[in-house]
Amino acid sequence: MEMLSHDILIVGGGGAGLRAAIAVAEIDPSLNVAVVSKVYPMRSHTVSAEGGAAAVIGPDDSLDDHAYDTISGGDWLPDQDAVEAFVKEAPRELLQMEHWGCPWSRQPDGSVAVRSFGGMKIERTWFASDKTGFHMLHTLFQTSLKYDPIQRYDEWFVTKLLVDDGRCQGVVAIDLATGKVHGIRAKAVIVCTGGCGKVFPFTTNANIKNGDGMALAYRAGVPLKDMEFVQYHPTGLPFTGILITEATRSEGGHLLNKDGYRYLQDYDLGTPEPQPVLRSMELGPRDRLSQAFVKEQEKGRTLQGPYGDYVNLDIRHLGEKIINSKLPFVRELCLKYENIDPVKELIPVRPVVHYMMGGIHTDILGATPLEGLFAAGEVACVSINGANRLGSNSLTELLVFGARVGRAAAEYASRQKGNGAAVAAQAAEEVERIERQYLSGGGKGDKMVDIRQGMHAAMESGAGIYRSKASLQKSAQEISNLQDRIPGIRLDDSSQTFNTELVAAIELSYMLDVAEAIIASASQRTESRGSHQRTDYPDRDDNDFLAHSLAVRKPGAAPTIEYLPVTITRWPPGERVYGR
Amino acid sequence: MAVDSLAGNAAVVAGGEMVTLEVFRYRPEEETEPVYQAYEVPVHKDWVVLDALNHIKDHLDGTLSFRWSCRMGVCGSCGMMVNGDATLTCATFVESLLPGPIRVGPLENFPVVRDLIIEMNDFMEKLESVKPWIIRDEEKSLEDGAYLQTPAQLADFKQFSMCINCLLCYAACPVYGLEPSFTGPAVIALAQRYNLDSRDQGAGERNAILNTDEGIWQCTLVGECSVVCPKDVDPAAAIQRYKVSSTLQWYQKLLMPWSGK
Amino acid sequence: MSANPQHTPYHPRWYRASMPIFWWMRRWIHARFILRELTSIFVAGYALVYLLQLRALGLGPEAYARFLDLLRSPLSISLHGVSLVFVIYHSITWFNLAPRALALRIGDRRVPDKVIAGLNFVAWISISAALAWVTLKG
């Protein structure tokens, strides 16, 4: 079969992938770099980020402060050398975005404005009104167009990493428009496919976030790191997962259970006052609010809706005037996408999965243990986020580590010569596998939606906000059963032209592999830290678990879990104090 | 955002009122002319047209093909014609279209690849052609810090930077339908976004592409692009302002040939 | 640069609908647009009549008197009546569009669209009134 060929191939055209592509093009224009993305790059999920991007800018701020906030916020699981590199390069990267045209919000004198953000002690969050991710992604995409060496394969979907001779040497991808499956050779492959929120039933993540890159690397034998750490946001809309910002609560919104009772007072979160009080009640930390929801659910005091249990967020008492002036975007989202008017109606909310701290194991440059394979962004775990990511660190992360991984891959690729001969044969084999498994109509008739719902139920009940040995064991079994059903999926669609059903089936198989890694990692970590809460092990255990988990796939069996000590440079583990 | 498959379950359980969706089908392997296929879909207060399409995909017909991702009006994937109007299907409630039937088709003025999926590489090429990036005579180094830009200077172009490339404006533009060579509303608005940015010096370079028959002068100011825009970008205004400024430049050059570019 | 296949207007597998001749009848906003475009003919007609009037004036008093007679004919008056309606429609829609083309700034504040359109209308009405006053007085 005919193979396409590039020096560097980037899988994923979101913020990290585009930043990496530009870094390659700038450092060595003679390198031929291509971005393969299953959607047009400006559709990537970076587009949905609202809040901002953190980097030290003010005279009263310091790199050490940013590093400390990040490390303590991550419950001492972040690698401190990575965090130090991150906070040091962050301002330069955001400045680079400014030079590329990102419309950062400004102060009256024309300098870049920053605002405060949860978990950051000092104002250091750069923002472009409430559409920071949107503006960053479009700026990166438009800027990438000026670099001739950057080529794109838009709406191509990667199904396999090609590994030969212990090196990653390319990918196999489906051109969705024509249905043709191509092998693409590369001296280095960078995976930037984002997170995997769609493994869970309730998530802020877009439909495209299926853990593709994590599963691709996992199947190629690369460890997935810290996969048990899944960040929840306490107030998302149950049906769509649309995020209702913290601002609704800081303006004085109340969380009510089915009896109209402000239930947070029962969970050691202060006493109800008419006016909002910092760090108390509705303004408590995100994870504590999410956990209170689960307790309330266990007591049967949540409400039941068509999409599961929920509680109500009440902002009606603020009045139309305040809602319109202080929370216009919240009202717009509710009205436009969910047909609810928060001026007159209660907003149904529940905790929703928001961000994946774990991901492909990489070093501080973005290199994975598999030679020739690199990763950056939410798909990767460097790790700077540890057990809990701070808001506005992830947009900066994709810039800093996108640029780093681009430079590292460029340096690596310029040292490599050609590809091994076995790669073409592997690609041909993959083409044949897709045809046989999905398009030959030999399935036993399992409907995809059933498997997906089974996965969602297993993850929600067993590996959600609270986990225990029993719940994780049960879910592990369920996920394993669902994996066995993948070969029997029945596709209605056998077309070669834009077969979205085929893509969804492969994505589902990716998600199940990622789910397997999440559950196995959570089972082995018998402590509670950050977003990982075990009911049977409620305390943090620095003796045994000040370490990253590494899940390595074992086909046909549960993955093995190994541990890698956390790198501590200057900040010894302390108590994680909430709400600073 | 994530519309979960549980939604499908809820629908089945809830029963109740149903509505008919007539959906445009075109499968190049099977048919040379498109047909409309009818599906019965339950009505829910919080369902948008996209949710109804996902219900069909999950439970009724896995072959129906369409693009979607964020379901919160920012990724720009799910633009379609709903009852003849170009709209984001994630922001159009089924309830608002009752009693139906609701007719869903691919965006007009584009070739159809399959079902509700249009071919948009023409747009992508046009987007690149207007050099939508900051062009400077001399790049400022990062060591010299940020460019100063007052909130008023930001406001000059901010509106035109809000485009999500959903292509509704192209579907609504009869000029693009009649003359596919037309650069089109979103791309010209994006060019203006950079022209009006105080950090940019590339207006001259872009002018060579835009001040042409295929560029701004093909626009006859129907104005529908700005009506359908879900982000209030107002591309019609971008184009008209461009016409005014390039006309003024033309006169300036005519009357004062010695004055710069 | 994109590695995607170059866009081509025609592709054997794509379906491409062609625009029907009466596409503008399907939507009110399009019909209104076509109407506005049509009114340009009447604006041009007015200009033509004015040029002919100048020419008649140049040909001498006799020719000018004949021209004025022509203008007084019922056909001419009814044509003028119809034209007036169209030209007023043209002017109103045109001035309403003016804010689209004009982004005026005074200090740090954008001049609101309504003010820009309003100024156009005020100018239009006062110039018309001034001309009417000069003409009718004489």
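Protein chains get the first letters and strands the later ones, always in sequence-line order, with residue 1 at the start of each. Source: prediction; values computed, not measured.
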At a 4.5 Å cut-off on heavy atoms, which part of [X] comes close to chain B: side chain, backbone, both, or neither?
X: A:P103; value: both
X: A:L237; value: neither
X: A:F134; value: side chain
X: A:L333; value: side chain
X: A:K209; value: neither

Taking [options] one by one, which has the highest count of heavy-atom pairs under 4.5 Å against chain B?
options: A:Q107, A:K131, A:E338; result: A:E338
options: A:Q142, A:M42, A:R43; result: A:R43
options: A:S494, A:C102, A:A457, A:P91; result: A:C102
options: A:K447, A:M448, A:H135; result: A:H135
options: A:G236, A:G197, A:G110; result: A:G110

| request: For the residue pair B:D51 and A:F239, establish whether any side-chain heavy-atom pair is separated by less than 4.5 Å. | output: yes
| request: Check whether any side-chain heavy atom of B:R193 sits under 4.5 Å from a side-chain heavy atom of A:H138, and report yes or no. | output: no
| field | Salt-bridge contact B:E205-A:K146 (side-chain N to carboxylate O under 4.0 Å) | value | no
Could you tell me which non-hydrogen atom of [X] sits nearest to which non-hydrogen atom of [Y], and how far apart they are?
X: B:W47; Y: A:Y307; result: NE1-OH, 3.4 Å
X: A:D492; Y: B:G62; result: OD2-N, 2.8 Å
X: B:L142; Y: A:L95; result: O-CD2, 3.2 Å

| said: Looking at B:Q149 and A:R106, would you say the former's side chain and the latter's main chain have a donor-acceptor pair under 3.5 Å? | reply: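 Checked: no pair found.
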| said: Would the distance check show the side chain of B:R199 and the main-chain N or O of A:H99 forming a donor-acceptor pair, the cut-off being under 3.5 Å? | reply: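 Pair absent, no side-chain N/O of B:R199 close to backbone of A:H99.
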Heavy-atom cut-off 4.5 Å, strictly under: side chain, backbone, both or neither for [X] against chain A?
X: B:N165; answer: both
X: B:R27; answer: neither
X: B:P132; answer: both

| field | A:N339: which of B:K45, B:E95, B:H44 passes side chain to side chain donor-acceptor pair (under 3.5 Å) | value |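 Answer after filtering B:K45, B:E95, B:H44: B:E95.
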